[in-house]
Every structure is written in structure tokens, then in C-alpha cells.
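Let me begin by presenting the structure, written as C-alpha cells, before commenting on it.
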Amino acid sequence: MKNEDVMNIAKKRGFLWSSFEIYSGVAGFFDYGPLGAILKNKIMNKWREFYLVGEGYYEIESPTIMPQEALKASGHVDHFNDPMTECKECLEVFRADHIIKEAIESEVEGLENQELTNILSNQQIRCPRCGGHLTHVWSYNLMFQTLIGAKGKKTGYMRPETAQGIFITFKRLLRFYRGKLPFGVVQLGKAYRNEISPRQGVIRLREFTQAEAEIFVDPGEKSHPRFKEIENHVLTLYPADIQEKEEKPLRLTAQEAVKGGVVSSEILTYQLCLADKFMGELGIPRDVIRFRQHLKTEMAHYAIDCWDVEIHTDRYGWIEVIGIADRADFDLKSHSEYSKEDLRVFLEYDQPTIVEKLVLKPDMKKFGPLFKGDAPRIMNVLKKTDPETIRNAFEKENSYNIEIEGENYQLTPDLLSFEEAEETVRGEKIYPHVIEPSYGIDRITYSVLLHCFQQDDDRNILHLPTDIAPVGVNVFPLVNKDDLILASEHIRDDLRAEGIIAELDTSGTIGRRYARSDEIGTPFAVTIDHQTLEDKTVTIRERDSQKQVRLPVVKIPSTINQLLMKKIEFSKLEARS
RNA sequence: GCGGCUGUAGUCUAGUCUGGUUAGGACUUGGGCCUUCCAAGCCUACGACCCGGGUUCAAAUCCCGGCAGCCGCACCA
């Protein structure tokens, strides 16, 4: 459907409102209204059904404010920081590093703003559009910065993604999973990016909700135990080379995608299928979903393979709603280096292997007195050096020099001896690779509204799947007579007691009530009429078919519940009655 | 961040150019009448000049600034 119609209805009926409206609003922020909040929660809960229940991944919740160090390690402090410059003449804004790179053809990544400013003036680089002078370089950081504590000495940022909370707590998680790969951890929550000029409604938000899973796997074992279950699942794949050739996307089964090397691994393909099934259960039609592989140029340097799940929209074209990446060992390695914590996993071999090894034996009686205070430092370096190198040096030059912080130390054969030793190696420590499906919940919610909405003549219908529709059932007295209203109230209360969100509407005529009910996507309506008072039966009306079935009042709550949970079909009820 | 266009009830809109009485209409919504199945009809009520400043006896209307939206540019690890 059309963006405009959907957004109008979303606004009118309480799904989505732009935030801070009475203060004229702030771009990039949206409120979920009463129905929107339920819908979003139901989508998130369905996600949990897939990943927590289905896959057995546990959920964690970490803070939305993160200290600078953590984001330094993740690369966000440096890479999320764009150096900008403005032309004083035509007022055009540019990325300073891009301009310089083009002008002098050398890499300037990682330079300070002052250095970039100096290069701009020294090299007399001018505005590429009008030749005007450029201003000093300033940083535009896409992270929201804040200060932690009363004295505000510690810099913090609103997290730009939920994933980092999982990587940072990896050691604890590994222990929780008793040290064995593979395992998955998920987090659902808010993330923040201070976009320069967000202008695409709920598609580009400054505060948005992510649902991310981090699946830690053995780098040598990227299969999936349940791949068999999905091997015939057909996906619409749009690989990088096909994009470059400007050809049409491929329709392949999961098995074909793996065998043909289209997707880099079984587990990644499994994740694509899972995402496809998820979108299907949200009522997104097949033909508006495709899986687009990142081009080499757009893929982060550490990623092995990355696929975006894209949904087609009339307004914004194909939009990314899910990113599924093989991030390799980048994050854990980086956090290991910055935090000095060992974030590796011990992988035990099937069979222990015995290796012949040269072992270095320093003669501490001579070593200590000779180097005195420096001895521990030298020992430290020696431990990291391959004994073979040292022995070779001794054979050639009868000495081996090491340099530590400018100081030079000479080691001679009398200080060290070598020994051949047998060592049993039971395994090795490795950084697991990370498979990351990352869902943009707001974009998905928007896509669901967009593609479930339908206009037939004058009738607006939101064809939401029954299990994510905000209101489960509406209860209507056919006409506003006291005894019918009273009976309706009882039925509504019975439905609520069953755990169903049920509403009573007595306003306007019956047709108007059905219309309102359809427009917010309520799958069923129960109508109370004169016959109800005589034989204790009511009708259930199905939103999509507009058909009605008459059932005894006592059966209503359980029947509606089963219909909503998709345990029975409405057409089966029809057949029975 | 830049430029152009725009901003009147929940929605669509008249009025703005050319300043002047109580800002008009339609739909929606609330209440009522009627009504025994899909936005019918009748009565009735609620509801708006984006915000701030300036000019003027007087500003929805003219001017300046801000905010927001749309379009184009730029940005989008």
C-alpha cells in the first residue's frame, strides 16, 4: 500500500505519532501510540518465540549508556566520527577526509581534525564544487554523548547498537553456557544514532529499537544442526555479482545457496531462512522480500559475508529491515586487546595430539645476577619468542639481542639451554566467529503496517496476522438497547478473563463499528443481537472474509482464543455450523 | 548542515496576494433520536490560524527569527 495512506491511518488510529508534537516535534523521534505499542510488543514477542524458544538463545539486557572505552574498542568512537568541512562560499558541507583523499590521493584516515584542517590550508584544497574556501574541520559524531557522574569526568555515549552489550559480557556468557560452542545470546532494546538530517519518518530514527542475536561459533564449523529442516526453503537472493551485472535476483533453495557458494556458510543461510520465515509470519508477502548481499565496497572490512533483508516500499524503494552478517572474530578480538581480558574459547580436539617441542631453559643463577631488575622484563619477552629463533642466532652469531623500550640486552649461550620436550596438546584457544542477525524493529513494524494494509472501495482493512493484532476481538451490540449492551459487557468481560484484549463499542451504527474494527486490524468481532437473548448464541465475524458464524456464548472465549493462536481456522467453524 | 516550497480543528480545505465584525465548509469524533448486520439519515456538542519577536489603531494575512514537513544537495561506521 501507499506510505501516505498507511501513515495517515497509523496516526489517526494511534499506531505512530511523531514525538514532542505540542513543542512542534523533533525530527527522528516517534511515539508508538496505544495500538502501536501493543503491535510492536507483539512483534518483539514473536521474535523471542523464534530466537529464544526456537533456537534456544538466551536474552540479556545491558545498559543503553556505555563508557567511552567500550566504544573505543568496538571502533565506534573513531569510525562513527565524521570529519566535516563547509564551503564558505556556496555553504556546501563535505566530508573533509573524502575531499583530501580525492585532492592529494593519500590516506588520511585517523588523523585529527586540526591535522586535516592544516592539510586543507597547506595544500590549498578548495571546494570541489565552486572553488571557495573551506572552514576548519569539525567532527560530526553520530553517537549521542553524555557525561557520567556528578562531576561529569567520565564520557559516556548512548549505545549505537545493542550488540556491544553482548560482546562485552562475553566471558560471563561463555561460563553460563559452560564453555562450549556454539551458543547464541540475544538482546532487544533501544539504540541511538544522532543522524544528521533524518527525513524518512520511522525508517530513519535517532532512537530506535533493535533485536539482535549474536551467535558464537567455531570458525571451522559453520554448519547448523537443523539445516535439514530448511534445506528446501526457497529464498530470493540478490548476490553482489548479480547486482553488479544488473541482473535479476535468484530464487534458490537453502541447499542450492550453500552448495553453489552463493552464501558463505550453512549457518548464515539458516539465519536467512529464519528471517524469511519470521517476516512471513508477520504477514509480509513473498514478493516484497529479498536478500541482498553487501557489495565488497559497502561491507565492513572485518565482515566475511553480509546480507540485508530488504522490503519493498512505494515511498523509499527497497529498505533494509534486517542485516545478517558473519562478523568473524573482529569484535571479541578487539575487546580482548583493549580490555586485556582473554575472550578466547578453549576448543578441545577430538584426539589430543603430541607435539615435539623445543623448550627454553634459562639458567636463573646466572640470569638473575646479570640483569638484576630488568630480568623479569627480559623473561617476559623470551616467553613470547620462538626458542628456535634464539637457537639459530646462537649457532650463527653465538649471541641473541633483544631490545626492550630502547634498551639493548645481549643473551649468550651460557645463559640459556634448550630441551626437546614432548607436549600433549588437548586443544587450542580461539576467538569464536560471530554470526549476527540484527533486526530493526521499527522498520519491521512499519513494513507490517504498510503491507498488511488494504483499501477495498471505501473500506480500509489492516490484514494483520491474528496473533499480532493489537486488539483481539471487538464486541458489538447490534443496536443500542440496554439489554443487548448489558449482555455485551458480560461477553467482553469473559473474553478479558480468558486473557484476550477485548473492546466494547456502542458508538454509531453497526456498519461504522465494523469499519473501525477493520481499520485497526482487529481480526474478529462478536455481535450480540435479539437472538442472543433468546437462545444464548452470538455471531463471530471474521475481518478478512466478513463472514459470520453463530456459536453459543459459553464457547466464545475459548473459540476466539484458539482462532487468535491459529489453533483452528475460521473456515472450519463455518463448516461445522 | 545548505537552498527552494509549505504550515488554518483529528483529517481535507476556504480565507492570505489587496491587514479590518464572531476564521467558513466537509468528513471524523462525543452525546441523543432512529435503526435487527457492514462508514445511511436527523438533532446537538467539542474542536484550528506552528512558535517567538517586529511593523500597525488593527496581523491567519506584511517583515524577521526559530521549529516542523515536502523536494533537491550533502551525510548515512
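Letters go in sequence order (proteins before strands), and every chain restarts at 1.
Of the side-chain N and O atoms in A:Arg199, none sit less than 4.0 angstrom from OP1 or OP2 of B:rG1. In this structure, A:Arg512 does not reach the B:rC37 phosphate: none of its side-chain N or O atoms is under 4.0 Å from OP1 or OP2. For the OP1/OP2 pair of B:rA40 and a distance below 4.0 Å, the side-chain nitrogens and oxygens of A:Thr509 include at least one atom meeting the criterion.
The two residues A:Trp318 and A:Val288 make their nearest non-hydrogen contact at CZ3-O, 3.3 Å.
If you check B:rA77, B:rC70, B:rC38 against the side chain of A:Gln546, the one that comes closest is B:rC38. Out of B:rC71, B:rC37, B:rG30, the shortest distance to the side chain of A:Leu478 is found at B:rC37. Of the candidate nucleotides B:rG30, B:rA77, B:rU36, B:rU36 has the atom lying nearest to any side-chain atom of A:Val479. Between B:rG31, B:rC38, B:rA77, one nucleotide has an atom nearer to the side chain of A:Tyr514 than all others, and that is B:rC38. The A:Arg550 side chain lies nearest to B:rC37 when the options are B:rG30, B:rC37, B:rU35. Among B:rG69, B:rA77, B:rC37, the nucleotide with an atom closest to any side-chain atom of A:Ala27 is B:rG69.
Within a 6.0 Å sphere centred on CG of A:Asp456, other residues, nucleotides and ligands contribute more than 12 heavy atoms.
Each of A:Tyr302 and A:Lys547 was matched to the nucleotide of RNA chain B holding its nearest heavy atom; the match closer to the 5' end belongs to A:Lys547. Between A:Arg13 and A:Lys481, the one whose closest nucleotide on RNA chain B sits nearer the 5' end is A:Lys481.
In a base pair of the Watson-Crick type (N1 to N3 plus N6-O4 or O6-N4) or a G-U wobble (N1-O2 and O6-N3), with each distance short of 3.5 Å, B:rA23 is matched with no nucleotide.
Inter-residue side-chain proximity for A:Thr506 and A:Pro477 is flagged as met; some heavy-atom pair is nearer than 4.5 Å.
Not a single donor-acceptor pair, N or O on each side, falls under 3.5 Å between the base of B:rC75 and the side chain of A:Glu195.
B:rC70 atom P lies 10 Å from atom CE of A:Met7, rounded to whole Å. The interatomic distance linking A:Ile510 (CD1) with B:rC34 (P) rounds to 18 Å, in whole Å. Following rounding to the nearest Å, A:Ile22 (CD1) and B:rG10 (C1') show an atom-to-atom distance of 16 Å.
Comment: A:Arg496 engages A:Glu503 in a salt bridge, judged by a side-chain N to carboxylate O separation of less than 4.0 angstrom. Remark: A:Arg443 does not engage A:Glu310 in a salt bridge, criterion side-chain N to carboxylate O under 4.0 Å. Salt bridge status for A:Asp314 with A:Lys2: absent, with no side-chain N to carboxylate O gap under 4.0 Å.
A:Arg543 comes within 4.0 angstrom of nothing in the nucleic acid, heavy atoms only. Using a 4.0 Å heavy-atom cutoff across all strands shown, A:Asn8 reaches no nucleic acid atom at all. A:Glu320 comes within contact range of no nucleotide atom at all, as no heavy-atom separation falls under 4.0 Å. Among the protein residues, A:Arg204 comes within range of the nucleic acid bases, having at least one heavy atom under 4.0 Å from a base atom.
Aromatic ring orientation, A:Tyr302 versus A:Phe330: parallel (interplanar angle below 30°, classes split at 30° and 60°).
The stretch residues 522-542 of chain A comes close to RNA chain B through A:Thr527, A:Asp529, A:His530, A:Thr539, A:Arg541, each having a heavy atom under 4.0 Å from the strand.
Rounded to whole Å, the C1' atom of B:rU44 lies 25 Å from the corresponding atom of B:rU8.
Side-chain polar atoms of A:Gln210 and A:Arg159 form no donor-acceptor pair below 3.5 angstrom.
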